[in-house]
Novice: 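Below: one structure in structure tokens.
Sequence positions, counted from 1, serve as the residue numbers for this chain.
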Amino acid sequence: MATQVAAQANLFRRKARSKRVVLDWVMTGLTFASSIFAIVVLASILYYVFVNGIERFNWQTLTQLPPPPGDQVGGFGNAVLGTVIVVSIAISISFPIGLFAAIYLSEFGQNSSTASALRFVIKVLTGVPSIIAGVFAYGVLVLSTKTFSALAGGVALSVLTLPIIILSCEEALRLVPADTRAAAYALGASRVQTVFRVVLPAALPVILTGVTLAIARAAGETAPLIFTALFSFLWPDGLLKPIASLAVLIYNFAIVPFENQQKIAWGGALALVILALITTVSFRLLLSRRQETITI
């Protein structure tokens, strides 16, 4: 009797193990197929943008102003500079706020009711359509100042990048092992010293990755800038005046019936991709040099 029970138990374990093995293979296959699909889609988009945009991606287009309708010359130099200005304004607003909010959520507030309410608000903000952020900045800044401006565009983009920065910074801080904090406390460091001198440096790589994602999100937004920064065919001339951006230039030039403007729109799309790539590579190099300095 005992032998039969043991045999049945072994048979049950083998069946359960075989089911787990099959499920593991199936999920691994689905994950691999999904990854290949995502890589193929990304490569196709980049290839299509490169093929269509490389013709008008040169020093001339990077340094000249947009042409009038039907003209065969011109570029998008002011849009590149305007994109850098507007995104810089957005990150300079959202990063300090997002970082300190993440520090509170991860290190000080944690499971408090205030932290729970703040997390709920942040999750709601992640799902807010970008055009709503544009309408908000339009009502707060454009109507009050009586003009479209780079500052209004930066504020609109900061609303969109803020939840990305908060969530990425909070996750980065949570990834730092608790033993690291305990070691700092054991050496006599206060809680504030531990956060700013131990936890933050350890979480910096993930924090910068979140900032990179926020920059990419801000640089590619069009609707908020149409409501706030509008567009300009001139070089940037102050933060309280309309300003050009690559996203709005692509939108404006892609729908006109002039071939030259359409080519410039493709060149602008390639420039936007390259700006995102430069930002990512720059952060990676910065982190690698910092790690080499710490190692030395």
Side-chain angles (χ1 to χ4, degrees), residues 31 34-43 45-46 49 83-110 115 118-119 121-128 130 133 154 156-181 184 194-221 224 246-247 270-295:
T31 303
S34 300
S35 302
I36 294 298
F37 178 76
I39 293 173
V40 169
V41 171
L42 176 61
I45 294 174
L46 295 178
V49 171
T83 299
V84 173
I85 292 174
V86 173
V87 173
S88 299
I89 294 173
I91 297 302
S92 63
I93 294 173
S94 60
F95 179 69
I97 298 174
L99 180 60
F100 281 104
I103 290 174
Y104 171 76
L105 292 174
S106 176
E107 304 296 326
F108 297 97
Q110 295 178 340
L118 183 57
R119 288 191 185 94
V121 173
I122 294 169
K123 291 179 181 179
V124 171
L125 280 177
T126 57
V128 171
S130 60
L157 295 181
S158 68
V159 175
L160 297 175
T161 56
L162 183 60
I164 299 175
I165 291 178
I166 294 177
L167 293 176
S168 60
C169 290
E170 182 186 5
E171 185 62 26
L173 295 173
R174 289 183 180 276
L175 289 176
V176 178
D179 293 342
T180 303
R181 296 175 176 83
T194 300
V195 170
F196 286 96
R197 296 188 179 183
V198 178
V199 178
L200 274 180
L204 186 60
V206 182
I207 290 175
L208 291 183
T209 301
V211 174
T212 304
L213 294 175
I215 291 175
R217 169 76 187 275
E221 288 294 341
L246 284 172
L270 181 59
L272 198 59
V273 172
I274 292 176
L275 280 177
L277 179 62
I278 291 175
T279 303
T280 303
V281 172
S282 300
F283 280 146
R284 293 296 180 184
L285 291 177
L286 178 64
L287 286 175
S288 62
R289 290 180 179 179
R290 178 180 177 276
Q291 291 174 353
E292 289 177 358
T293 303
I294 294 175
T295 303

Novice: Can you name the closest pair of heavy atoms from Ser94 and Ile165 and give their distance?
Specialist: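 Taking every non-hydrogen atom into account, OG-CD1, 3.4 Å.
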Novice: Which value, rounded to the nearest 0.5 Å, describes the distance between Thr161 atom OG1 and Leu125 atom CG?
Specialist: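 Rounded to the nearest 0.5 Å, the OG1-CG separation comes out at 10.5 Å.
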Novice: For a side-chain contact (heavy atoms from CB on, under 4.5 Å) check, start with the C-alpha distance between Ile45 and Val273, then their side-chain angles and the critical distance, and finish with the verdict.
Specialist: CA-CA 11 Å; Ile45 294 174; Val273 172; over 6 Å; no
Novice: Quick one: pull up CZ in Arg119 and CD1 in Ile166 and give me the separation to the nearest 0.5 Å.
Specialist: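 Between Arg119 CZ and Ile166 CD1, I get 11.0 Å after rounding to 0.5 Å.
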Novice: Specify the closest pair of heavy atoms between Leu105 and Arg174, including all atoms of both residues, with the distance to one decimal.
Specialist: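 Closest pair (atom of Leu105, atom of Arg174, distance): O-NH2, 3.7 Å.
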Novice: Set out, in order, the CA-CA distance, both residues' side-chain angles and the distance that settles side-chain contact (heavy atoms from CB on, under 4.5 Å) for Thr194 and Val199, then state yes or no.
Specialist: CA-CA 6 Å; Thr194 300; Val199 178; 4.1 Å; yes
Novice: Please round to the nearest 0.5 Å and tell me the distance separating atom CG of Leu277 and atom CG of Leu270.
Specialist: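 One finds 10.5 Å between CG of Leu277 and CG of Leu270.
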Novice: Any sub-3.5 Å donor-acceptor pair from Ser106's side-chain atoms to Ala102's backbone N or O?
Specialist: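 Not confirmed, Ser106 side chain does not pair with Ala102 backbone.
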Novice: Within a strict 4.5 Å, meaning less than it, do heavy atoms of the Thr209 and Thr280 side chains meet?
Specialist: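 Not in contact.
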Novice: What closest approach, in Å, do Gly210 and Ile164 show between heavy atoms, and which atom pair accounts for it?
Specialist: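 Closest approach of Gly210 to Ile164: O-CG2, 4.0 Å.
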Novice: Going by heavy atoms in the side chains, are Ser168 and Leu213 under 4.5 Å from each other?
Specialist: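 No, every pair of side-chain atoms sits at 4.5 Å or beyond.
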Novice: Nearest 0.5 Å please: distance from the CG atom of Leu162 over to the CD1 atom of Ile93.
Specialist: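 Here the rounded value is 10.0 Å.
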Novice: Can you tell me how far apart CG (Leu160) and OG1 (Thr126) are? Round to the nearest 0.5 Å.
Specialist: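 Between Leu160 CG and Thr126 OG1, I get 11.0 Å after rounding to 0.5 Å.
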Novice: Does a side-chain heavy-atom distance below 4.5 Å link Val159 with Val128?
Specialist: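 Heavy-atom side-chain distance check fails, nothing below 4.5 Å.
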Novice: Do the non-hydrogen side-chain atoms of Ile207 and Phe95 ever get within less than 4.5 Å of each other?
Specialist: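 In contact.
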Novice: Is it the case that atom CZ in Phe108 sees more than 12 heavy atoms from other parts of the structure closer than 6.0 Å?
Specialist: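 Counting neighbours around CZ of Phe108, more than 12 heavy atoms of other residues, nucleotides or ligands fall under 6.0 Å, so yes.
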Novice: If only atom types and distance count, is the side chain of Arg197 paired as donor or acceptor with the main-chain N or O of Ala184 below 3.5 Å?
Specialist: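 Not a single qualifying donor-acceptor pair exists.
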Novice: Do Leu173 and Glu107 have side chains that approach each other closer than 4.5 Å (heavy atoms only, starting at C-beta)?
Specialist: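 A side-chain contact under 4.5 Å exists here.
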Novice: What is the minimum heavy-atom distance between Ser130 and Arg217, and which atoms define it?
Specialist: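 So the two residues come closest at CB-NH2, 4.4 Å.
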Novice: Under the 3.5 angstrom rule, does the side chain of Thr83 hit a backbone N or O of Leu246 as a donor-acceptor pair?
Specialist: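 Checking the backbone N and O of Leu246 against the side chain of Thr83, a donor-acceptor pair under 3.5 Å is found.
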Novice: Could you please spell out the steps behind the side-chain contact (heavy atoms from CB on, under 4.5 Å) verdict for Val176 and Val198?
Specialist: CA-CA 9 Å; Val176 178; Val198 178; 5.9 Å; no
Novice: Determine whether Leu99 and Leu200 satisfy the following criterion, side-chain contact (heavy atoms from CB on, under 4.5 Å), listing intermediate values before the conclusion.
Specialist: CA-CA 10 Å; Leu99 180 60; Leu200 274 180; 3.9 Å; yes
Novice: Search all heavy atoms of Pro224 against all heavy atoms of Ala156 and return the closest pair with its distance.
Specialist: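 Here Pro224 and Ala156 meet closest at CB-CB, 4.0 Å.
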Novice: Of the non-hydrogen atoms in Leu272 and Gly220, which two are nearest, and what is the gap between them?
Specialist: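 Here Leu272 and Gly220 meet closest at CD2-CA, 4.2 Å.
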